[in-house]
Amino acid sequence: MAIKIIDYKSKYAKHFYELNIEWLETFFYVEPYDEEVLSHPNKYIIDKGGYIFFAMKNDIVVGTVALMPTEEIGVLELTKMAVSPEMRGQKIGQQLLQHSIDFSKTKELKGLLLYSNTKLENAIYLYRKYGFKELELEKDNPYERADIKMFLKF
């Protein structure tokens with residue numbers, strides 16, 4: 001069955017938390033900032049004008065992504081993208097990324113910002129393929145694990 005991407009519903013907040021915690025523990029570690037944002041998605045994302053999407057397969061959450069407001073008006077941070085381990089490799093991340101880009105364009109945003117780590121070679125390749133360009137990474141960026149900052153201008 002096809003993947004369907006839906007808007008945030010608070011009943012899925014635990015999936016947002018669990019998918020991201022699993023991903024962080026698999027590839028890095030959970031930073032205090034992650035724990036805070038993931039534990040309170042309404043406070044840090046939704047209530048501030050951001051968005052969370054879920055990839056659904058047979059009414060089961062298999063992936064998620066967030067678009068979190070930044071200090072710059074019209075720029076959202078593409079963040080907290082995770083896919084369940086058993087569903088990785090099925091291009092669900094690409095579908096979430098494409099949905100985020102399409103959605104952002106309908107909102108007439110200036111662009112999407114993201115922070116990542118170059119050890120995630122497949123993700124970096126994907127971001128570049130979708131048109132993200134590397135920016136200089138500020139020293140006081142929100143993530144200890146980030147060693148690359150990218151931006152997709154609309």
Side-chain angles (χ1 to χ4, degrees), residues 1-72 74-104 106-107 109 111-127 130 132 137-138 140-152:
M1 178 158 186
I3 298 296
K4 183 171 133 188
I5 298 179
I6 65 165
D7 293 341
Y8 178 78
K9 291 182 176 67
S10 55
K11 70 178 183 178
Y12 297 129
K14 75 177 183 93
H15 298 286
F16 180 69
Y17 179 88
E18 291 168 356
L19 283 167
N20 275 286
I21 293 294
E22 185 281 328
W23 186 90
L24 286 166
E25 288 176 342
T26 297
F27 294 100
F28 299 99
Y29 54 91
V30 180
E31 297 178 23
Y33 179 69
D34 297 314
E35 180 68 38
E36 185 66 18
V37 171
L38 293 170
S39 296
H40 306 284
N42 285 313
K43 177 181 175 183
Y44 288 97
I45 300 170
I46 303 299
D47 295 347
K48 290 188 174 183
Y51 306 90
I52 297 173
F53 303 110
F54 293 101
M56 307 291 289
K57 184 173 183 177
N58 301 326
D59 295 323
I60 297 168
V61 175
V62 296
T64 189
V65 66
L67 299 177
M68 193 161 69
T70 67
E71 291 179 5
E72 186 177 344
V75 174
L76 295 178
E77 179 187 348
L78 179 82
T79 187
K80 309 300 181 224
M81 184 158 61
V83 174
S84 62
E86 60 276 3
M87 298 302 291
R88 289 182 190 142
Q90 298 184 37
K91 300 192 187 294
I92 294 169
Q94 280 190 52
Q95 291 177 58
L96 286 164
L97 179 58
Q98 186 64 61
H99 181 82
S100 297
I101 292 168
D102 293 344
F103 176 84
S104 298
T106 68
K107 293 290 184 189
L109 297 178
L112 291 174
L113 173 74
L114 66 82
Y115 294 91
S116 192
N117 187 292
T118 51
K119 94 173 195 179
L120 301 171
E121 293 176 8
N122 292 343
I124 302 302
Y125 172 81
L126 186 65
Y127 299 142
Y130 279 79
F132 282 83
L137 180 68
E138 65 272 28
D140 61 346
N141 81 75
Y143 309 98
E144 292 173 22
R145 67 182 167 273
D147 68 359
I148 188 170
K149 177 181 179 179
M150 301 179 87
F151 187 73
L152 176 63

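No experiment lies behind these values; they were computed from the predicted model shown. Reckoned from all heavy atoms, side chains included, excluding hydrogens, waters and symmetry mates.
Nearest approach of Leu96 to Val83, heavy atoms of both residues: CD1-CG2, 4.4 Å. Ala13 and Pro41 get closest at one heavy-atom pair: CB-CG, 4.2 Å.
To the nearest 0.5 angstrom, Leu67 atom CG is 5.0 Å from Ser104 atom OG. Remark: Leu112 CG to Leu152 CG distance equals 6.0 Å, nearest 0.5 Å. A distance of 11.0 Å separates OG of Ser39 from CG of Asn20, quoted to the nearest 0.5 Å. Atom-to-atom distance recorded for Ile92:CD1 and Met87:CE is 4.0 Å, nearest 0.5 angstrom. Distance check: Ile101 CD1 to Leu109 CG gives 12.0 Å after rounding to the nearest 0.5 Å. Rounded to the nearest 0.5 angstrom, Gln94 CD and Asn122 CG are separated by 10.0 Å.
For OH of Tyr125, the number of neighbouring non-hydrogen atoms (other residues, nucleotides, ligands) closer than 6.0 Å is 12 at most.
Residues that satisfy the salt bridge (charged side-chain N to carboxylate O under 4.0 Å, His left out) test with Glu144, not counting sequence neighbours, are absent from this structure. Partners of Ser100 according to the side chain to side chain donor-acceptor pair (under 3.5 Å) rule, which considers only residues two or more places apart in sequence or in another chain, do not exist here. Listed by chain and number, the residues in a ring-ring contact (aromatic ring centres under 6.0 Å, His included) with His40 amount to none (sequence neighbours excluded). Partners of Asp102 under the side chain to side chain donor-acceptor pair (under 3.5 Å) rule, at least two apart in sequence or in another chain, are Gln98. With sequence neighbours left out, the side-chain contact (heavy atoms from CB on, under 4.5 Å) criterion links Ile148 to Ser116, Thr118, Ile124, Arg128, Glu134, Met150. Under the side-chain contact (heavy atoms from CB on, under 4.5 Å) criterion, Glu138 pairs with Tyr115, Asp140, Asn141, Lys149, not counting sequence neighbours. Among residues two or more places apart in sequence or in another chain, the salt bridge (charged side-chain N to carboxylate O under 4.0 Å, His left out) test is passed with Glu35 by none. Partners of Phe132 by ring-ring contact (aromatic ring centres under 6.0 Å, His included), not counting sequence neighbours, listed by chain and number: Tyr127. Tyr12 is linked by a side chain to side chain donor-acceptor pair (under 3.5 Å) to nothing, counting only residues two or more places apart in sequence or in another chain.
The ring-ring contact (aromatic ring centres under 6.0 Å, His included) pairs that include a residue from residues 79-98 number zero, where partners must be two or more places apart or lie in different chains. Residue pairs meeting the side chain to side chain donor-acceptor pair (under 3.5 Å) criterion with at least one partner in residues 44-55, sequence neighbours excluded, are Glu36-Tyr44. Residue pairs that meet the salt bridge (Lys or Arg N to Asp or Glu O under 4.0 Å) test with at least one member in residues 76-93, sequence neighbours left out, are Glu22-Arg88, Asp34-Lys80.
Under a 3.5 Å cut-off, the side chain of Lys119 and the backbone N or O of Phe27 do form a donor-acceptor pair. Judged by distance alone, the side chain of Gln95 and the main-chain N or O of Ile5 form no donor-acceptor pair under 3.5 Å.
Taking the side chain as every heavy atom from C-beta outward, Ile52 and Thr64 approach each other to under 4.5 Å. Looking at heavy atoms from C-beta onward, Leu97 lies in side-chain contact with Leu78 at the 4.5 angstrom threshold.
Between Phe53 and Tyr8, the gap from one ring centroid to the other reaches at least 6.0 Å.
Evaluated for a side chain to side chain contact (heavy atoms under 4.5 Å, CB included) with Leu38, the options Leu19, Ile45, Leu24 yield exactly one hit, Leu24.
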